[in-house]
Chemist: 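Below: one structure in structure tokens.
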Amino acid sequence: MGNLIGDSGPNTMPCGKPVAVAHYFTEKSWIEGSALQQLADMAHMPGMLSIAGFPDLHPGKYGPVGMAALSTRLYPQLIGTDIGCGMSLFELDLPLRKFRIEKAADALRQLETPAFGQMDSDAMENARSLVAKADTLGTIGGGNHFCEIQAVGELLCPEASLHLDKQKTYLLVHSGSRNLGAIVFADTLAGNASLDEGLDPASDAGIAWLTRHDLCVDWAALNRQIIAERAAAVLRTEVRLIADVPHNLVRAGAEGHVHYKGAAAVTAGVIAPIAGSRASLSYVVEPLAGAAISHWAISHGAGRKYDRRNMHGRTGNTRSERESLLRNAWGGVAICDDRRLAVEEAAGAYKSAAQVVEDLAGHGLIRPLAAMKPLVTYKKVDIDHDEAKRDKGRERRQERRRKRG
DNA sequence: ATGTCC
């Protein structure tokens, strides 16, 4: 069970009932003070019943990232813009022995273009039916989003072989509802004088947000499926979904709504990915019955150590530094044409997923199944740059033809 | 996070 704080003083509700703020991490996980303060401040929100902080806790705009909170009222700002964001893990029908890093990296560069109108699949049809405008469907987006081909680094318990195979390759997709969730949140901010007291889930405003929230959650899950299908198509293989775990959403329960912000909303018996940084190990874990205490939430990744602004100047100052940002210790590569994004998303900006997993296991929330190595990470392609390169190649070929006569 | 803020 987490270390409970706030049984008196500022964390006591006006009615006198204390709001439990549980920490599911140890002192080994360094947590920024402002994130702890944001977590403690949530105890003052009307209707708040229980708050859980995880080892990847870090500060966010309207509240901390890496938390789960049970409340009788709805707080859209705790979920933020990327409603439905999550991680999906797929098994690729591509044996590790046949896998070629450079070839796969080249193929994945095609993922930047929108999939809208370019592919047929059940997931695509379902997602299209949810919203009239779906032009970003099948695209990964920016920030910490990615699509990564992985291999098993180590199986951490005998049962792991029921789920994962060292001879196979896997695909981890981290993406969300793209511009759809951003529109829903902007509308919600504009349509409500204040969200400070939260929304009554039974009110018109509460129902309006919940309805659009549910649509974003479904759309985001389909978006991840479509991204995986597109990746499989360019890699000339197939994908099989192993687990789809959202980490930015609310879930209705008997006592209220659980708000998951950068905390994976897991299900008993379904395995879940915990992402490392793009040049460090990720993990696959099995949620245990003990996760009921944390509202069936666990960490979804390593968590940031430095915020984006803080990263500029720390690395990427020389050509060789920039090149090393796109390589990892296992011979893997990252595709990121955006220099600023590469710096902001450098492995050094993140804490260790291994420590996150250790803390969660220590609190009885999970059992680690496997450590996963990054082989090819797709982040961002500069389409214009790619086109310019193609144009240049065409010019050169024409020039050669002219010379030959 | 966001076809992003200048």
Side-chain angles (χ1 to χ4, degrees), chain A residues 35 38 56-67 75-88 111-118 127 131-147 173-191 195 209 212-213 215-224 226-227 245-250 259-265 275 277-278 299-304 306-312 336-345 349-350 378-387:
Chain A
Q38 283 186 329
D56 54 345
L57 192 79
H58 57 281
K61 186 166 181 187
Y62 298 95
V65 184
M67 65 82 180
Y75 289 96
Q77 70 273 41
L78 290 181
I79 307 307
T81 55
D82 198 2
I83 305 162
C85 184
M87 301 221 196
S88 299
L111 291 184
E112 197 63 39
T113 52
F116 189 61
Q118 290 185 7
V131 279
K133 196 168 140 60
D135 51 355
T136 57
L137 196 52
T139 59
I140 290 157
N144 58 359
H145 291 172
F146 63 86
C147 162
V173 178
H174 180 191
S175 188
S177 52
R178 306 291 278 105
N179 51 338
L180 188 60
I183 292 166
V184 170
F185 186 53
D187 286 353
T188 305
L189 284 177
L195 293 173
W209 181 73
R212 299 181 78 190
H213 157 281
L215 184 141
C216 289
V217 170
D218 289 345
W219 195 94
L222 288 165
N223 189 37
R224 290 188 287 275
I226 292 161
I227 289 166
V245 187
H247 54 243
N248 260 359
L249 76 166
V250 296
H259 297 62
Y260 300 86
K261 176 59 174 180
S277 66
R278 312 287 45 83
S299 297
H300 80 293
R304 289 197 84 90
Y306 300 114
D307 65 34
R308 294 175 185 285
R309 279 188 56 175
N310 224 308
M311 283 308 292
H312 294 290
C336 186
D337 294 345
D338 182 334
R339 276 189 191 188
R340 290 183 65 82
L341 184 60
V343 168
E344 290 171 0
E345 289 291 307
Y350 287 88
Y378 178 91
K379 288 288 291 180
K380 197 99 180 159
V381 160
D382 180 350
I383 298 176
D384 294 340
H385 179 264
D386 264 26
E387 274 171 3

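Proteins get letters first, then strands, A, B, ... in listed order; numbering begins at 1 in each.
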Chemist: Quick one: list whatever passes salt bridge (Lys or Arg N to Asp or Glu O under 4.0 Å) with A/Asp218, sequence neighbours left out.
Modeler: none
Chemist: Could you check how far CG of A/Asn144 sits from C1' of B/dA1, rounded to whole Å?
Modeler: 8 Å
Chemist: Rounded to whole angstroms, how far apart are NE2 on A/His213 and C1' on B/dA1?
Modeler: 15 Å
Chemist: If you round to the nearest 0.5 Å, how far is CH2 of A/Trp219 from OG1 of A/Thr136?
Modeler: 3.5 Å
Chemist: Rounded to the nearest angstrom, tell me the gap between atom CZ in A/Arg308 and atom P in B/dT4.
Modeler: 16 Å
Chemist: Any side-chain N or O of A/Asn179 under 4.0 Å from OP1/OP2 of B/dA1?
Modeler: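 No, A/Asn179 has no side-chain N/O under 4.0 Å of OP1/OP2 on B/dA1.
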Chemist: Angle between ring planes, A/His247 versus A/His300, binned at 30° and 60°: parallel, tilted or perpendicular?
Modeler: tilted
Chemist: Using whole Å, what does the distance between atom P of nucleotide B/dT2 and atom CD1 of A/Ile83 come to?
Modeler: 13 Å
Chemist: To the nearest Å, how far apart are A/Asp187 CG and B/dT2 C1'?
Modeler: 13 Å
Chemist: NA contact type, A/Gly143, heavy-atom cut-off 4.0 Å: base, sugar-phosphate, or nothing?
Modeler: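 Sugar-phosphate: the residue A/Gly143, judged by heavy atoms under 4.0 Å, touches backbone atoms but no base.
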Chemist: Ignoring backbone atoms, test whether A/Arg178 places a side-chain nitrogen or oxygen under 4.0 Å from the OP1 or OP2 oxygen of B/dA1.
Modeler: no
Chemist: Within the 4.0 Å heavy-atom criterion, would you say A/Gly181 contacts the bases, only the backbone, or no part of the nucleic acid?
Modeler: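 If one applies the 4.0 Å heavy-atom cut-off, A/Gly181 turns out to touch nothing in the nucleic acid.
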Chemist: Would you kindly give the NE2-to-P distance between A/His300 and B/dA1, to the nearest whole Å?
Modeler: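 That distance rounds to 8 Å.
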Chemist: Which residues pass the ring-ring contact (aromatic ring centres under 6.0 Å, His included) test with A/Tyr378, sequence neighbours left out?
Modeler: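 Counting only residues at least two positions away or on another chain, A/Tyr378 forms no ring-ring contact (aromatic ring centres under 6.0 Å, His included).
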Chemist: Give the rounded distance in Å between these two atoms: NZ of A/Lys61 and P of B/dT4.
Modeler: 15 Å
Chemist: Could you give the CD-to-P distance, from A/Glu345 to B/dA1, as a whole number of Å?
Modeler: 6 Å
